[in-house]
Amino acid sequence: MSVRRVGRLLALGVLLLLALSACGGGGERALPGAWVDIAVMPDGGAQVDLRAAGRLRSDAEVRDLAGAVAREVFPGATGVRVRTVTSRGYPFARADVTGAYRPGRTVPLELDTARAWRRLAARGFDEGGVRLWLPSVPATVRPRPPGGTSDVPEWTVGRGRPAPVVRVVMRPRPALWFGAAALLVLVVAGVVVSAAARRWYVAVSAAAVAIVCAVVTVSAAAGRQGDNLGVAGVLGGRALAVAAGAPLAGLPLGLVAVVLFVRALRRLLDDPAAAGSPYAARRPGRGGARTPGR
């Protein structure tokens with residue numbers, strides 16, 4: 001199999017994985033009543049989605065109610081901007097909250113959804129629920145949903161179940177991002193050394209190091225470690241977006257390392273002498289003599 005063909009197969013595999021992740025694995029389930037989805041963002045902001053269009057007459061009413069719910073959940077926010085979003089054919093209101101919390105090494109949050117739910121109940125919503133998304137940082141959530149083991153806590157409200165007052169403590173660890181960045185440096189170094197090496201064993205070793213580091217980068221979810229920088233207040237804005245996405249470069253570079261690894265092995269198998277092997281051309285000469293190099 002040629003190196004070019006290997007590269008095409010790897011590229012096809014990456015495109016297939018991206019397509020599968022975009023499909024998401026199924027449509028959204030139909031949920032009764034009103035659902036409040038709270039997403040705490042790593043830059044100090046938040047998003048509050050309100051899916052409650054069934055009992056309201058217009059998108060404007062949904063937006064107004066979503067803005068009121070967001071202000072109840074984040075009373076200290078510096079700004080709330082509401083818009084209508086359509087996901088898989090289903091419209092809902094999204095409130096973008098700025099200044100939802102102050103970044104730091106320890107970030108406590110109290111999300112009082114009871115006040116928000118009183119507003120929803122006044123508009124005729126007597127059941128539904130609350131879901132919470134947090135940045136990818138070490139955190140504790142109290143109370144946990146009964147019997148809940150999901151990474152996305154979900155509380156059902158109504159029928160005797162009160163809206164929760166959720167207490168969150170986030171403890172970001174910026175060192176996790178720096179570890180992911182160090183792995184990326186090793187991947188880059190391995191690719192460069194492997195591409196420039198004249199001896200097959202140097203090329204193979206450097207490519208192998210790059211491949212291992214790329215695999216560790218992907219398995220450790222390095223692309224999400226940038227959240228630690230944002231929640232801790234180390235970076236924000238565009239700088240945070242660039243830093244969060246930088247470790248993701250380890251995946252395509254790892255594929256390049258695979259191609260270099262295969263190329264180095266092919267050089268050895270096709271022509272050990274041309275590959276720069278110090279053990280090249282060990283063939284018996286006339287009278288049983290060995291050629292130089294032994």
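When a residue number appears, it is its place in the shown sequence, counting from 1.
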Item to check | Closest non-hydrogen atom pair between Pro103 and Gly44, with its separation | outcome: CG-CA, 4.4 Å
Item to check | Distance (rounded to the nearest 0.5 Å) between Glu154 CD and Arg131 CZ | outcome: 5.5 Å
Item to check | Where Leu109 and Ala100 come nearest, the two heavy atoms and their spacing | outcome: CD2-O, 4.2 Å
Report all side-chain donor-acceptor pairs from residues 231-258 shorter than 3.5 Å, counting only partners two or more places apart or in another chain.
none

Next on the checklist: According to a hydrophobic-cluster definition based on side-chain heavy atoms being under 4.5 Å apart (Ile, Leu, Val, Met, Phe, Trp, Tyr only), do Val107 and Val97 belong together?
Outcome noted: yes
Item to check | Spacing of Phe178 atom CZ and Leu183 atom CG [to the nearest 0.5 Å] | outcome: 14.0 Å
Checklist entry - If Ile, Leu, Val, Met, Phe, Trp and Tyr residues are connected whenever their side-chain heavy atoms lie under 4.5 Å apart, and connections chain through other members, are Ile38 and Leu134 in the same group? => result yes
Next on the checklist: With rounding to the nearest 0.5 angstrom, report the CG to CG distance, Asp64 to Asp59.
Outcome noted: 11.0 Å
Checklist entry - Are any of the side-chain heavy atoms of Val166 and Val168 separated by less than 4.5 Å? => result yes
Next on the checklist: Please give me the minimum heavy-atom distance between Ala66 and Leu50, naming the atom from each residue.
Outcome noted: N-CD2, 3.6 Å
Checklist entry - Mind checking what makes side chain to side chain donor-acceptor pair (under 3.5 Å) contact with Arg161, not counting sequence neighbours? => result none
Checklist entry - If you group Ile, Leu, Val, Met, Phe, Trp and Tyr by side-chain heavy-atom gaps below 4.5 Å, do Val157 and Val141 land in one group? => result yes
Checklist entry - In the single-linkage hydrophobic clustering (I, L, V, M, F, W, Y; side-chain heavy atoms under 4.5 Å), do Val193 and Val204 co-cluster? => result yes
Checklist entry - What residues, two or more places apart in sequence or in another chain, satisfy salt bridge (Lys or Arg N to Asp or Glu O under 4.0 Å) together with Arg115? => result Glu72, Asp112
Using a 3.5 Å cut-off and no angle test, enumerate the donor-acceptor pairs between side-chain atoms of residues 73-85 and protein atoms at least two apart in sequence or in another chain.
residue, atom, partner, partner atom, Å
Thr78, OG1, Thr98, O, 3.0
Thr78, OG1, Thr98, OG1, 3.3
Arg81, NH2, Asp96, OD2, 3.4
Arg83, NE, Asp96, OD2, 2.6
Arg83, NH2, Asp96, OD1, 3.3
Arg83, NH2, Asp96, OD2, 3.3
Thr84, OG1, Arg63, NH1, 2.8

Item to check | Heavy-atom pair of closest approach, residues Asn228 and Arg173 | outcome: OD1-N, 2.8 Å
Item to check | Distance, nearest 0.5 Å, that separates CE of Met41 from CH2 of Trp133 | outcome: 12.0 Å
Next on the checklist: Rounded to the nearest 0.5 Å, what separates atom OG1 in Thr113 from atom CG in Leu120?
Outcome noted: 9.5 Å
Checklist entry - Side chains of Asp227 and Pro172: does their closest heavy-atom pair fall under 4.5 Å? => result no
Checklist entry - Taking all atoms of both residues into account, what is the closest heavy-atom pair of Phe261 and Ile211, and its distance? => result CB-CD1, 4.0 Å
Item to check | Non-hydrogen atoms of Gly129 and Trp117 that approach each other most closely | outcome: N-CH2, 3.5 Å
Checklist outcome for this item: Contacts satisfying side chain to side chain donor-acceptor pair (under 3.5 Å) that involve residues 244-256 (not counting sequence neighbours) are none
Checklist entry - Stepwise, does the side chain to side chain contact (heavy atoms under 4.5 Å, CB included) test hold for Arg71 with Arg119? => result CA-CA 11 Å; Arg71 292 183 182 90; Arg119 285 185 175 271; over 6 Å; no
Checklist entry - Side-chain heavy atoms under 4.5 angstrom apart, residues restricted to Ile, Leu, Val, Met, Phe, Trp, Tyr: same cluster for Leu260 and Leu186? => result no
Item to check | From OG (Ser194) to CH2 (Trp200), nearest 0.5 Å | outcome: 12.5 Å
Checklist entry - Does Asp49 have any salt bridge (Lys or Arg N to Asp or Glu O under 4.0 Å) partners at least two apart in sequence or in another chain, and if so, which? => result Arg94
Checklist entry - Does the side chain of Trp155 reach to within under 4.5 Å of the side chain of Val36, using non-hydrogen atoms? => result no
